[in-house]
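Everything below concerns the one structure shown next.
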2 protein chains.
Amino acid sequence: MKQNLSETCHQFFSTLANPTRLAILELLREGPRNVTEISEALNQEQSMISHNLKPLEGCRFVFSERRKKERFYSLNKETMEQLFKLFSYHAEKYCPTEGKCLTNASLQKQKKKNASNPLHLTRF
Amino acid sequence: MKQNLSETCHQFFSTLANPTRLAILELLREGPRNVTEISEALNQEQSMISHNLKPLEGCRFVFSERRKKERFYSLNKETMEQLFKLFSYHAEKYCPTEGKCLTNASLQKQKKKNASNPLHLTRF
DNA sequence: TCTTCATATGAAGTAAAATTCATTCGATGG
DNA sequence: CCATCGAATGAATTTTACTTCATATGAAGA
């Protein structure tokens, strides 16, 4: 069953499939931050932030650099900004319900209604 | 903690973060397939394929169309091909170890070795 | 070198998601 | 309308991932 795509991409997408990690990425779009700053901005425990930074760095979605006692994390803008744009585009064009994927429930509803009111998404 | 990115993208990436679903996407790049065909090509149970097709369709990564008793699924090429290209680019440029994200173990190793032998990835 | 601050790690418990199996639904053709 | 084929659903189990808490590492300055 294993094919190229699954082998190559699974870790990428797993790393992105987590609200904490996505929130970190979104925060880092504003600029580099150290662990404590991230932790405070997201109101999450420091250890949790560290745990979540690890796969982000492993996939090179973020880079890190030590400055004295602190370690600053920064976004890999080259590919991440493109990725966010792509998904923003996809969501606007294909996902009519407030920027989220359709749940099973809403898919049902949509089939019945044949809804035609695509919503505007916050742009990345 | 919730921010735009996390709210908007979490379902997208969760749906992609699964080997079976990635394998389905990869198969559908070759052209539309019905459920039985997918099931046989990936050597997985029909019910499993159906379960996994649902979120793919919910996120509009695939489309579906009934033809007689069968239902054919096809790839949303517009955005999916772009997505695969983007990740292929990212992986080649940033992920030196055989196209996978770095695991914790391999990250360790790499720090020590300061490895500098980026590998070539199978292109999508 | 001792202390402190910043970050990372490990292991345990908890939560969430995937897979499986049995069953149901739905469409088509006889 | 019944039988059959193809696909979808539901619920239970298993697997996987996340979170938390305690502790360790590591750098810098006194």
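Side chains included, hydrogens not; waters and symmetry mates left out as well; all remaining heavy atoms used. Here is how names work: the chains are called A, B, and so on, in the same order as the sequence lines, proteins then strands, and each is numbered from 1. Remember, predicted model here, so these are calculated numbers, not experimental data.
Remark: B:Tyr73 is in phosphate contact with D:dA8, judged by side-chain N or O atoms under 4.0 Å from OP1 or OP2. OP1 or OP2 of D:dA7 has not a single side-chain nitrogen or oxygen of B:Lys54 nearer than 4.0 Å. OP1 or OP2 of D:dA8 sits under 4.0 Å from a side-chain N or O of B:Arg71.
If you measure from atom CD of B:Glu70 to atom C1' of D:dT4, you get 13 Å, rounded to the nearest angstrom. Remark: P of C:dT7 and CD1 of A:Ile38 are 9 Å apart, rounded to the nearest angstrom. Put simply, CD on A:Glu45 is 14 Å from C1' on C:dA8, counting in whole angstrom units. What separates CZ of B:Phe72 from C1' of D:dA7 is a distance of 12 Å, to the nearest Å. For A:Glu65 and D:dG26, the CD to C1' distance is 17 Å, given to the nearest whole Å. The CZ-P distance, from A:Phe13 to D:dA17, rounds to 16 Å in whole Å. Between the C1' atom of C:dA6 and the CZ atom of A:Arg33 lies a distance of 17 Å, rounded to the nearest Å. Going from atom CD1 of A:Ile49 over to atom P of C:dT9 covers 15 Å, rounded to whole Å.
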Audit row: B:Thr15, B:Gln11, side-chain hydrogen bond (donor to acceptor under 3.5 Å, both in side chains) steps and yes/no: CA-CA 6 Å; B:Thr15 295; B:Gln11 268 181 94; over 6 Å; no
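In terms of the side chain to side chain donor-acceptor pair (under 3.5 Å) criterion, A:Glu40 has no residue partners (sequence neighbours excluded). Residues satisfying the side-chain contact (heavy atoms from CB on, under 4.5 Å) test with B:Glu37, not counting sequence neighbours, are B:Arg33, B:Asn34, B:Phe72. Annotation: side chain to side chain donor-acceptor pair (under 3.5 Å) contacts of B:Ser14 (sequence neighbours excluded): B:His10. Under the salt bridge (charged side-chain N to carboxylate O under 4.0 Å, His left out) criterion, B:Arg21 pairs with no residue at all, not counting sequence neighbours. Not a single salt bridge (charged side-chain N to carboxylate O under 4.0 Å, His left out) links B:Glu45 to another residue, sequence neighbours left out. Residues passing the side chain to side chain donor-acceptor pair (under 3.5 Å) test with A:Ser64 are A:Glu57, A:Arg71, sequence neighbours excluded. Not a single side chain to side chain donor-acceptor pair (under 3.5 Å) links A:Glu65 to another residue, sequence neighbours left out.
Taking the side chain of B:Gln44 as heavy atoms from C-beta on, and the options C:dT20, C:dT9, D:dT9, the nearest nucleotide is C:dT20. Of the candidates C:dT7, D:dA7, C:dT20, C:dT20 carries the atom nearest the B:Ser47 side chain, counting heavy atoms from C-beta on. Among the nucleotides C:dA22, C:dG29, C:dT7, the one closest to any side-chain atom of B:Lys68 is C:dG29.
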Just the table, please: protein N/O against nucleotides 11-18 of chain C N/O, every pair under 3.5 Å.
residue: C:dA18; atom: OP1; partner: B:Asn18; partner atom: ND2; Å: 3.4
residue: C:dA18; atom: OP1; partner: B:Arg21; partner atom: NH2; Å: 2.5

Every protein N/O within reach of nucleotides 3-5 of chain C N/O, cut-off under 3.5 Å:
residue: C:dT4; atom: O2; partner: A:Lys69; partner atom: NZ; Å: 3.4

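Between the side chains of B:Tyr89 and A:Gln82, no donor-acceptor pair is found at a separation under 3.5 Å.
The nearest heavy atom of DNA chain D to A:Arg66 and to A:Gln46 marks one nucleotide each, and the one closer to the 5' end goes with A:Gln46.
Rounding to the nearest 0.5 angstrom, the gap separating the CG atom in A:Leu25 from the CG atom in A:Leu16 is 6.5 Å.
Looking at heavy-atom distances under 4.0 Å, B:Ser50 makes contact with a base.
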